[in-house]
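A quick write-up on the structure given underneath.
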Number of protein chains: 2
Amino acid sequence: MATNVLEINAERLWESLERSAEIGRFRDVGLRRLALSAEDKQMRDLFVDWAKTAGCSIEIDRLGNIFARRAGSDPSLPPVAIGSHLDTQICGGRYDGILGVLCGLEVVRTLNDRGLSTKRGIEVICWTNEEGARFSPPMMGSMAFAKVLPLESVLATTDEDGVTVAKALDDIGYAGPAPLGDRTFDAYLELHIEQAPVLDREKCDIGIVVGGYKTQALRLTIKGDTGHAGGTPMAMRRNALVGAGYVIAAVNDIGLAFAADEGRTTTTRIESFPNLPGTYAEQVKLTIDFRHIDAARFVAMRKEVDAAIAASAKKANVEIDVEEGWRWGSELFAPECIDLLRSTAKELGLPYREMRSQAGHDAYAVATMAPTAMIFTPCFEGISHNVNEAIELVRSVPGANLLLNAAVARANR
Amino acid sequence: MATNVLEINAERLWESLERSAEIGRFRDVGLRRLALSAEDKQMRDLFVDWAKTAGCSIEIDRLGNIFARRAGSDPSLPPVAIGSHLDTQICGGRYDGILGVLCGLEVVRTLNDRGLSTKRGIEVICWTNEEGARFSPPMMGSMAFAKVLPLESVLATTDEDGVTVAKALDDIGYAGPAPLGDRTFDAYLELHIEQAPVLDREKCDIGIVVGGYKTQALRLTIKGDTGHAGGTPMAMRRNALVGAGYVIAAVNDIGLAFAADEGRTTTTRIESFPNLPGTYAEQVKLTIDFRHIDAARFVAMRKEVDAAIAASAKKANVEIDVEEGWRWGSELFAPECIDLLRSTAKELGLPYREMRSQAGHDAYAVATMAPTAMIFTPCFEGISHNVNEAIELVRSVPGANLLLNAAVARANR
């Protein structure tokens, strides 16, 4: 390695991850730390405390996004930002999002250890409600920050108990005074566990993320009519749940058919009404999504999904309304940032592969307003959104060092 | 007609149905009058008031089952009971259950009009929570009365808001002093809309119900594992909702395959966890049922359903636990009561057909403790458990007159 190469303190990073893993512990090894919950507040407080101890100034915006800045030598220049999230899924793991924030903090701590200053500041960001497990949609904080979502509608969004985002922010004291989105970044870097098994299986420790899978979510409203579970002849039935069943089966079959060339389909949320044992459903809401690495194949998938929905509607004698949900494309990240990661990895002698993200990330929204790229690190078998999410420290450190050195290089540019 | 033939007052019956249709009116033409709700209380109060005005004594048992008795000339003899229910589905109609109770009341009123006394009393019964729309299972009041369900577990059953049956009974003042099940009936007759389109389509106004379809409900617990909707390769997924989708599709296909010879399959209630857009389901609970008029074909259906569940589990890479839910058989009713209905119909010159019920009814539980039979009357196209449930008065009166004359004949036996 070149003499000017920096290395993070792996033990300290691990200790911080372990501290985080105590806050909202769920089913022994996992986390349930829903956005803006008491556990989220506790973790936020700890992060703010750590960041202040590391000499950072803290700003919090209206949506509770936290910006912890280590000042640069030229305060007139926008900082290099490093961010991710501290909230988890309802049966989540310890690393999804959290590793990225704590690696950002570790960058600051390492610079402090070495007494190094950078020309541009380094800003570590925790985005609010990336997971969308309590308040929908996911990536709420970063999307509102990037003006992809309007602030007022986000504040009015409610959880299952009818609590608004505005109230939840007040309750935990994280409705900050900083204006939303009124910040510029020289660049934005995000490190994240891959949440897919490619790096783990290929024994490669670094993924340089050049973009995302083409992804489209669809929210279906399946409209039938209630009727008696016993007496209604099969031919007269318009059971919305049967429509949903045919869609779920067909959409999964499409995913299996496209699996060999990196296609994915998922059916996730379902809500049925009236959802009672003696009567069948007049309406079902169903969320599905499909993803493909290749744009042309993605179009082919869409065609098959549309045909499957139409065929299911006909077979179940129901109507299906299709509303487009979240969608993101393939070319997300800035060539200048991708090049920076490539050249830094080469300089550090770190093997990497280039890849696309199959998941959504805060980086997608930030990429609309600042040059952005992501680093992936391996997680066991790609298991994520599951308490059994696992990483090996030794396989996470190379990515963290890439983040550190790339951020410093960019900050000193 | 023979000179001793009695006829109900059709206009008065219709007026009573119209009064009932105002209590819990839902979506203009329907009813939402959930068991033990404020609307149920209002309807119960009205029924009790009507019954008292008609000279009945009222007894209410621990579960709120109401017994309105018109005394017979020999008080030592058990009464002839006529019952059904006043609660409705969540998007229910005006006649399901209600017609049966109000025809019972009309029997009493007609006897009063004529100044006729009977040897045995006539007891009109409203069973609590037949529908199961607020508290599960359906037919709760009659099943607990017949000791098919234990009282304590019924009282502890909660609705979606955690309110117990015991509390709901207290709240509306219908936890009565009469001991549960401590009554004998000389016979039990129940008139009900058919809830299937046979009578309507055949232009026949009376169905003498000789039994029920063989019916079996299954409660499935589909066990997979949560994971990330984007990153998890198709082959690694254990999406419980996909398992449910395959089951729903296959079970409906089985229903369609058996439809020509009177088979039915239904999938009704579904609950998925965690039911969030970015992560797939680790567990889904699904209720299905299947019915057939023929016992051997019913066994064949069960075989196909079991095979479909196993195949769905394999295809979706999930486990499916199967718990048997409600179940009833084909030979439910007492030959002596069926014969009484047949001979009375012939005497009255009323055309009828014999049939089996496709739906569940309070009569099934009562049949375990008293000679029982049912009368079906037509409803438009068999639509039921739906606000558009509709009857024609002129086509309901023959069944009501059959009930009246059969009950009186039995009571004077």
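In this text, all values refer to a predicted model and were calculated from it rather than measured experimentally. Hydrogens, waters and symmetry mates are skipped; everything else that's a heavy atom, side chains included, is used. Proteins come first, then strands; the chains are lettered A, B, ... in the order of their sequence lines, and each starts at number 1.
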**OP:** Give the member of A:Asn275, A:Thr287, A:Thr226, A:Val284 that has the highest number of heavy-atom pairs under 4.5 Å with chain B.
**Re:**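 Of A:Asn275, A:Thr287, A:Thr226, A:Val284, A:Asn275 has the most heavy-atom pairs under 4.5 Å with chain B.
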Subject >> Most contacts with chain B, counted as non-hydrogen pairs under 4.5 angstrom, among A:Ala196, A:Gly360, A:Ala240, A:Gly263 >> reply: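 Highest number of pairs under 4.5 Å: A:Ala196.
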Report which part of [X] has an atom under 4.5 Å of a heavy atom belonging to chain A: side chain, backbone, both, or neither.
X: B:Arg134; result: neither
X: B:Ala133; result: both
X: B:Asn239; result: side chain
X: B:Tyr213; result: neither
X: B:Thr265; result: both

Restricting to non-hydrogen atoms, name the atom on [X] and the atom on [Y] that form the minimum distance, rounded to 0.1 Å.
X: A:Glu282; Y: B:Arg27; result: OE2-NH2, 2.8 Å
X: A:Pro197; Y: B:Met236; result: CG-SD, 4.2 Å
X: B:Pro277; Y: A:Trp326; result: O-CZ2, 4.2 Å
X: A:Ser272; Y: B:Ile270; result: CB-CG2, 3.9 Å
X: B:His228; Y: A:Ala359; result: CE1-CB, 3.0 Å

Subject >> Residue of the set B:Thr266, B:Leu256, B:Ile254 for which side chain to side chain contact (heavy atoms under 4.5 Å, CB included) holds with A:Met234 >> reply: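 Exactly one candidate clears the test, B:Leu256.
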Please look at [X] and chain B and tell me whether the side chain, the backbone, both or neither of the residue comes under 4.5 angstrom of a heavy atom of that chain.
X: A:Gln89; answer: side chain
X: A:Ala229; answer: both
X: A:Phe258; answer: neither
X: A:Arg219; answer: neither
X: A:Arg32; answer: side chain
X: A:Arg356; answer: neither
X: A:Arg291; answer: side chain
X: A:Leu286; answer: side chain
X: A:Asp253; answer: both

Can you tell me how far apart [atom1] ([X]) and [atom2] ([Y]) are? Round to the nearest 0.5 Å.
X: B:Ile248; Y: A:Tyr246; atom1: CD1; atom2: OH; value: 10.5 Å
X: A:Arg269; Y: B:Leu276; atom1: CZ; atom2: CG; value: 7.0 Å
X: B:Lys315; Y: A:Asn252; atom1: NZ; atom2: CG; value: 8.0 Å
X: B:Asn386; Y: A:Asp225; atom1: CG; atom2: CG; value: 4.5 Å

Is the shortest side-chain heavy-atom distance between [X] and [Y] below 4.5 Å?
X: B:Glu131; Y: A:Thr279; value: no
X: B:Pro233; Y: A:Arg264; value: yes
X: B:Leu241; Y: A:Thr268; value: no

Subject >> Greatest number of heavy atom pairs closer than 4.5 Å to chain A - which of B:Pro274, B:Gly227, B:Ala259 >> reply: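 Greatest number of close heavy-atom pairs with chain A: B:Gly227.
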